[in-house]
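Inspection log for the structure reproduced underneath, given as structure tokens.
In what follows, every heavy atom counts, from backbone to side chain, and hydrogens, waters and symmetry copies are set aside. Chain identifiers are assigned alphabetically (A, B, ...) following the order of the sequence lines, protein sequences preceding nucleic acid strands; residue numbering begins at 1 within each chain.
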Amino acid sequence: MAYDKFNILTSSAVPLPIENVDTDQIIPARFLKATERKGFGDNLFRDWKYNSDNSPKESFVLNNPIYGGKILVGGKNFGSGSSREHAAWAVYDYGFRCVVSSFFADIFRGNCLNVGVLPVQVSPEFLHKIFQAIETDPKTQLEVNLQNQTITINSTGESESFDINEYKKGNLLNGFDDIDYLLNIKENIETFAQNTPL
Amino acid sequence: MSAQKTLFDKVWDSHVVHNIENGPQVLFIDRHLVHEVTSPVAFLGLKNRGADVLYPKRTFATADHNTPTINQHLPVEDPLSANQLRALEQNAKEHGISHWGLGHEKNGIVHVVGPEYGITQPGATIVCGDSHTSTHGAFGAIAFGIGTSEVEMVLATQCIMQPKPKKMRINITGTLNFGVTPKDVALYIISKLTTSGATGYFVEYAGDVFEDMSMEGRMTVCNLSIEMGARGGMIAPDKKTFEYIKGREFTPTGTAWDKAMAYWKTLKTDEGATFDKELSFNASDIEPMITYGTNPGMGMGISKSIPNADQVEGGKATYEKSLGYMAFNQGEDMIGKPIDFVFIGSCTNGRIEDFRAFASIVKGRQKATNVTAWLVPGSHKVESAIKEEGLLDIFTEAGFELREPGCSACLAMNDDKVPAGKYAVSTSNRNFEGRQGPGSRTLLASPLVAAAAAVTGKVTDPRELMEATVN
Ligand code: SF4
């Protein structure tokens, strides 16, 4: 699935200072019944966002018009639980291009990279600073620079660098996809398969 | 670099097709398991790029996640679920993939049927678009869950791109106490490591406890590896493993078997091989476990009381939110808490041994009137065994009904949903908010603890009922 190239993202951010946000919260299982990738953004954090009668829960951050932007900032161990890529689709389809946390669950991190959402892992201290900056000014701008691998709080100028695999970085910068790469080395794979009986 | 390798290294290294400079490794996948929920978009992607399934014979499809567990002979009522099931059937047919759909004699939960039919083998690489694929590690395979983009990738190329994970070994020595099952061992480990304690690692389980464990028990433990954040878990294959797989439909035979055996016997961690992290626990410290919160790391010995926020790692606010959701208070006992539902099933504890354990307690007793119980076998094979072994009679006499196989209340995509505010003692793997239905409250536990709750209507130490049976 094609996604937009990622280079420098400057945006306000939505704070979600909760730890262990699991993919069942990001997108509950009952919304996994589609056979196409459509409409997942509407159900992002569905049960935190709406009451059972579909009225919005005013207190939830996504229902608060003060907050907005293309960056979601979550607590430690973000994206744990189920492998459902629908969670990353929901994040992307809602309009987020970057998730910031002090720690990500493995599969969710990989799924994000595969669908064009950049997971940025920062130190717990820097995460705290980001939350504080947003608390002081909900419109505070963060700059995520993929080429330089840095994230900056524009109002204070504080910055931290983050890790990303070189290959994955190239893919995101160029909007490339892993499958194209693998199809190009298909001969290697076929030779390998011949020597690997069922 | 030392020449000594771990079990994980041996299997991983022998499947590397290609190294991407400064990037992940390209790993060949021996077997790919597919189900109706995470595959339709992958097949669509395949079509859009004009690609085909490279090795349909290495791919197996079963319907399990959204299937009803009653009246499976009737058309599926929910149109969206029916649509996904149809899509799986069509995609499988179009690409020549074997498909064990609803009603097929081999149908069942993907991680239950894989081992049952010998698709799961030592030394193999196995993936599936479901995080509990780690189950298959019980046979000394490298098995892990993948996302839908990766399902498409494996369909098209039979490979996956992954950086090699770090290695962890968890040793548990000694003998398990009375009433302590593999599920308790796993919940105990997760409670010690937390749900992120093994993130970035692949785990090998070693020590007497795992050597003594049945294959079913090993599957339960490996299944739950993901709940401490690990990519997967594995146990070195031994005599028990080989006996289990021998003679199953997809197991090699004749000279191929001899050749496979010669290889499988080399699949163990070499003396002196090193791990990035090594942990050890004593079997004697483990008692029957139960969870009290909203992640599988929030587990405790059933006789203990709910810890205070300052005794647990992590943020106080998150902890209090979690207890608030459960409507529990710090310092309370779990024993005696009334419950409403009991679910026995899932790829964690939906195998024959789990139903035997459940039967051992409910035999001669009656289901508590305040409890709704869902007994859901992991597969048709398990269902048949329950009937053949006479367990169904025990269940019926005790007031329980047996349902038809599927994932059921493990993720509540079908109608098996626990209502808001109700408590369920479940043998599945996740107690997240709303996992078993919007607003549901889940207590994860072993089949023995679930059985004790089912007949008493409240959280009960199963050892009391077991002692009563023995006396
Ligand atoms: S039983 Fe639960 S964990 Fe297992 S495959 Fe089904 S949904 Fe996944």
Side-chain angles (χ1 to χ4, degrees), chain A residues 1 17-20 22-25 28-30 32-37 46-48 52 75-77 80-89 103-108 110-111 114-115 165-171 177-183 185-186 188-193 196-198, chain B residues 17-18 20-24 26 28 30 37-38 40-41 44-45 49 51 54-55 57-58 66 78 80-81 83-84 87 129-131 145-150 152-153 156-159 161 163 195-196 199-200 229 231 256 295 314-315 317-318 321 411-413 420 430 432-435 438-439:
Chain A
M1 184 100 187
I18 297 170
E19 295 183 4
N20 302 319
D22 59 75
T23 53
D24 273 83
Q25 308 316 318
R30 60 187 190 283
L32 309 185
K33 292 186 180 178
T35 50
E36 287 174 273
R37 192 186 142 178
R46 178 77 198 194
D47 293 340
W48 285 356
S52 50
K76 185 184 151 202
N77 198 24
S80 57
S82 154
S83 62
R84 60 188 68 162
E85 191 167 305
H86 312 67
W89 296 342
F103 197 86
F104 287 96
D106 257 354
I107 302 185
F108 180 76
N111 285 342
N114 284 337
V115 307
N165 180 289
E166 276 299 315
Y167 164 82
K168 281 288 181 191
K169 177 175 164 181
N171 274 4
D177 142 332
D178 287 341
I179 303 182
D180 296 331
Y181 182 99
L182 289 177
L183 287 172
I185 60 160
K186 202 164 155 188
N188 291 13
I189 298 172
E190 284 170 338
T191 314
F192 193 94
T196 313
L198 271 179
Chain B
V17 177
H18 180 74
I20 301 174
E21 212 180 317
N22 294 323
V26 176
F28 188 77
D30 292 311
V37 171
T38 55
V41 174
L44 206 62
R49 68 173 82 229
L54 186 57
Y55 294 112
K57 293 278 170 286
R58 293 181 182 270
N66 72 21
D78 173 33
L80 293 175
S81 298
N83 195 27
Q84 279 190 329
D130 178 284
S131 53
I146 57 177
T148 297
S149 294
E150 292 167 314
E152 183 184 340
M153 184 186 299
T157 70
Q158 204 61 36
C159 286
M161 278 191 196
T195 52
S196 58
T199 303
R231 214 63 230 282
N295 73 58
T318 305
K321 178 176 185 293
L411 88 168
M413 267 190 88
R430 286 184 176 142
F432 298 149
E433 285 183 26
R435 170 81 178 184

Exercise. Between B:M153 and chain A, which part of the residue has a heavy atom less than 4.5 Å away: side chain, backbone, both or neither?
Worked result: both
Exercise. Side chain, backbone, both or neither: which part of A:N20 has a heavy atom under 4.5 Å from chain B?
Worked result: side chain
Problem set entry | Side chain / backbone / both / neither for B:P163 at chain A, heavy atoms under 4.5 Å | neither
Seminar exercise, completed: One option among A:I18, A:N111, A:D178 has the most heavy-atom pairs under 4.5 Å with chain B, and it is A:D178
Problem set entry | Contact winner vs chain B - A:S82, A:A105, A:S80, A:A34, heavy-atom pairs under 4.5 Å | A:S82
For this session: Mind ranking B:G45, B:G229, B:P438, B:G129 by heavy-atom pairs under 4.5 Å with chain A and telling me who comes out on top?
Result: B:P438
Problem set entry | chain B contacts, top residue of A:F104, A:F108, A:W48 (heavy-atom pairs, under 4.5 Å) | A:W48
For this session: Give the member of B:N66, B:N295, B:I20 that has the highest number of heavy-atom pairs under 4.5 Å with chain A.
Result: B:I20
Exercise. What part of A:K168 lies closer than 4.5 angstrom to a heavy atom of chain B: side chain, backbone, both or neither?
Worked result: neither
Exercise. Among A:D47, A:I107, A:D22, who wins on heavy-atom pairs under 4.5 Å with chain B?
Worked result: A:D22
Exercise. If you count heavy-atom pairs under 4.5 Å between each of B:H18, B:E150, B:Q158 and chain A, which one has the most?
Worked result: B:H18
For this session: Go through the steps for A:R37 and B:L44 under the test side-chain contact (heavy atoms from CB on, under 4.5 Å), then give the verdict.
Result: CA-CA 9 Å; A:R37 192 186 142 178; B:L44 206 62; over 6 Å; no
